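One structure is given here, and the rest of the page talks about it.
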Amino acid sequence: GITRPLFESGQRRNGVPFQKRPDTELGSEALREFILGRHRNLEVFKPVLGRAEGEGLTARLWERQQEESMAGQALTVKQKFETIRDMLGKARPQLTAAMPKHMGGVARFERIALTALQKQPELLDCAPITFVGALIQSAQLGLEVSDGTGKAWLVPFNNTKKNRREVQLIIGYRGMIDLARRGMNAYPIEARVVCKGDKFRYQLGTKPAIEHVPAEVPDAEPTHFYAVARFPNGTTQCDVMTKAQVDKIRARAKSQGIWSSDYVEMGKKTVIRRICKLLPCSVELLRAIDLDERAEAGKPQDMGTVAD
């Protein structure tokens with residue numbers, strides 16, 4: 001039988017008074033089946049299982065504790081969200097000063113940022129100052145985050161030196177192209193992937209040229225990535241990377257998650273980043289390349305200093 005309840009009546013649990021219910025006790029094996037049916041990760045709940053069996057914890061009491069714990073957790077999430085929203089309000093003058101006209105104003109930018117925060121709740125566990133700093137940096141670059149265009153997005157990063165999670169700004173290949181076009185007075189720059197079965201021929205040197213006729217074979221494996229930039233005088237600058245060269249860059253990346261889910265997009269960004277170093281570059285493009293290389297190498301971007 002129960003010699004001592006896990007929580008006494010009247011004791012507060014996450015700020016909520018707990019009232020013990022006179023529930024029917026369950027046997028040890030039945031309780032184990034109940035808990036494992038609701039929670040599949042046995043390793044996490046092994047200590048709880050042992051205590052539950054020792055004290056005869058009932059199924060309904062367990063459920064009550066989980067509900068109260070979740071309520072307390074939800075309140076914490078709300079507080080974190082409000083903290084970031086307040087910090088964004090205080091940073092509005094910085095955002096206004098940094099933001100180009102084409103971005104549609106600070107109010108719209110803040111709505112997009114808060115929507116991104118709701119879609120990625122793991123960002124709430126990062127230092128709030130780095131979230132605000134990443135947004136100010138994206139405003140300075142003229143790139144909206146997580147707006148569906150793939151130009152830029154926010155990701156959590158473990159800063160082991162400061163022992164905290166931080167927000168990093170990741171520039172997509174479309175963002176790189178956007179910045180490069182601005183630096184080249186809107187003249188075209190593009191990146192393509194070549195797959196097995198495609199007709200592909202290229203030459204570099206004094207007369208660079210690329211011939212590419214896609215075979216349109218579904219799920220064909222990539223063999224090359226290339227980028228082409230066209231200048232006002234009609235000349236072009238091109239760069240080609242083999243899959244092996246791209247994979248060598250990938251191997252240096254500390255995080256493989258985005259490479260695994262978006263390999264082609266990351267391959268395009270890699271060749272765009274390389275060709276951009278050969279083009280007339282704006283300060284914004286150079287900053288974007290630096291941020292991207294820091295993130296790929298697993299180094300802090302120091303976004304907290306941007307918002308200071």
Side-chain angles (χ1 to χ4, degrees), residues 14-15 72-172 175-176 178-179 253-255 257-258 269 282-308:
N14 290 325
Q73 188 177 27
L75 181 61
T76 303
V77 168
K78 182 179 179 181
Q79 288 174 335
K80 291 178 181 178
F81 187 86
E82 293 296 333
T83 297
I84 290 178
R85 188 163 65 177
D86 290 344
M87 292 181 69
L88 273 178
K90 293 176 182 178
R92 195 166 291 141
Q94 283 179 276
L95 288 169
T96 302
M99 191 174 298
K101 293 181 180 179
H102 75 269
M103 297 188 73
V106 174
R108 178 177 176 274
F109 185 78
E110 287 180 355
R111 287 196 300 272
I112 292 174
L114 292 175
T115 299
L117 194 61
Q118 291 173 327
K119 291 180 178 179
Q120 296 174 268
E122 62 271 20
L123 295 176
L124 289 168
D125 295 326
C126 299
I129 192 70
T130 63
F131 180 85
V132 176
L135 291 178
I136 294 173
Q137 182 67 84
S138 67
Q140 291 172 345
L141 296 176
L143 300 174
E144 292 179 350
V145 295
S146 305
D147 63 346
T149 64
K151 292 182 179 180
W153 57 94
L154 305 175
V155 298
F157 167 77
N158 289 319
N159 188 333
T160 55
K161 291 184 178 180
K162 293 187 177 180
N163 194 28
R164 69 179 187 181
R165 301 196 81 189
E166 298 179 347
V167 175
Q168 285 196 331
L169 177 66
I170 305 299
I171 314 298
M176 290 284 184
D178 190 18
L179 291 169
K254 295 297 182 181
S255 175
I258 192 168
K269 185 173 79 168
S282 63
V283 174
E284 290 80 11
L285 179 56
L286 290 174
R287 175 60 173 158
I289 292 173
D290 178 64
L291 289 172
D292 198 58
E293 290 180 342
R294 279 174 172 268
E296 198 164 75
K299 297 179 179 179
Q301 291 180 336
D302 299 322
M303 286 301 174
T305 61
V306 178
D308 285 343

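As the structure is a computational prediction, the values presented were derived from the model and not from experiment.
- A distance of 9.0 Å separates CG in Leu135 from CD1 in Ile84, rounded to the nearest 0.5 Å.
- In the model, Gln79 has no side-chain atom that pairs as donor or acceptor with a side-chain atom of Glu82 under 3.5 Å.
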Next on the checklist: For a side chain to side chain contact (heavy atoms under 4.5 Å, CB included) check, start with the C-alpha distance between Ile171 and Leu141, then their side-chain angles and the critical distance, and finish with the verdict.
Outcome noted: CA-CA 10 Å; Ile171 314 298; Leu141 296 176; 3.9 Å; yes
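- Contact annotation: the side chain of Leu143 never approaches that of Met103 to less than 4.5 Å [non-hydrogen atoms, C-beta and beyond].
- Summarising the geometry, atom CD1 belonging to Ile170 is positioned 6.0 Å from atom NZ belonging to Lys269; distances are rounded to the nearest 0.5 Å.
- A donor-acceptor pair is defined here as one N or O able to donate and one able to accept, closer than 3.5 Å; no such pair exists between the side chain of Thr160 and the backbone of Asn163.
- Contact of the Met303 side chain with the Ile136 side chain is not registered, since no non-hydrogen atoms from C-beta on lie closer than 4.5 Å.
- When the salt bridge (Lys or Arg N to Asp or Glu O under 4.0 Å) test is applied to Glu110, the partners found at least two apart in sequence or on another chain are Arg92.
- With contacts defined as side-chain heavy-atom distances shorter than 4.5 Å, the pair Phe81/Leu114 qualifies.
- Of the possible polar contacts, none joining the Glu284 side chain to the Leu179 backbone as a donor-acceptor pair under 3.5 Å is found.
- The two residues Ala288 and Met176 make their nearest non-hydrogen contact at O-CE, 3.9 Å.
- To the nearest 0.5 Å, the span separating OG on Ser138 from CG on Leu95 amounts to 8.0 Å.
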Pair up each side-chain donor or acceptor in residues 118-132 with any protein partner under 3.5 Å, not counting sequence neighbours, and list the distances.
{"residue": "Gln120", "atom": "NE2", "partner": "Leu154", "partner atom": "O", "Å": "2.9"}
{"residue": "Asp125", "atom": "OD1", "partner": "Lys80", "partner atom": "NZ", "Å": "2.8"}
{"residue": "Thr130", "atom": "OG1", "partner": "Ala127", "partner atom": "O", "Å": "2.6"}
{"residue": "Thr130", "atom": "OG1", "partner": "Val167", "partner atom": "N", "Å": "3.0"}

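- Sequence neighbours left out, the pairs with a member in residues 155-167 that pass salt bridge (Lys or Arg N to Asp or Glu O under 4.0 Å) are Arg164-Glu166.
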Checklist entry - How far apart are the C-alpha atoms of Phe157 and Asn159, what are their side-chain angles, what is the distance that settles it, and do they pass the side chain to side chain contact (heavy atoms under 4.5 Å, CB included) test? => result CA-CA 6 Å; Phe157 167 77; Asn159 188 333; 4.0 Å; yes
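- For the pair Gln168 (side chain) and Lys299 (backbone), a donor-acceptor distance under 3.5 Å is present.
- Salt bridge annotation for Lys90-Asp86: absent, with no cationic side-chain nitrogen under 4.0 angstrom from a carboxylate oxygen.
- Side chains of Arg287 and Gln137: a donor-acceptor N/O pair is present below 3.5 angstrom, by distance only.
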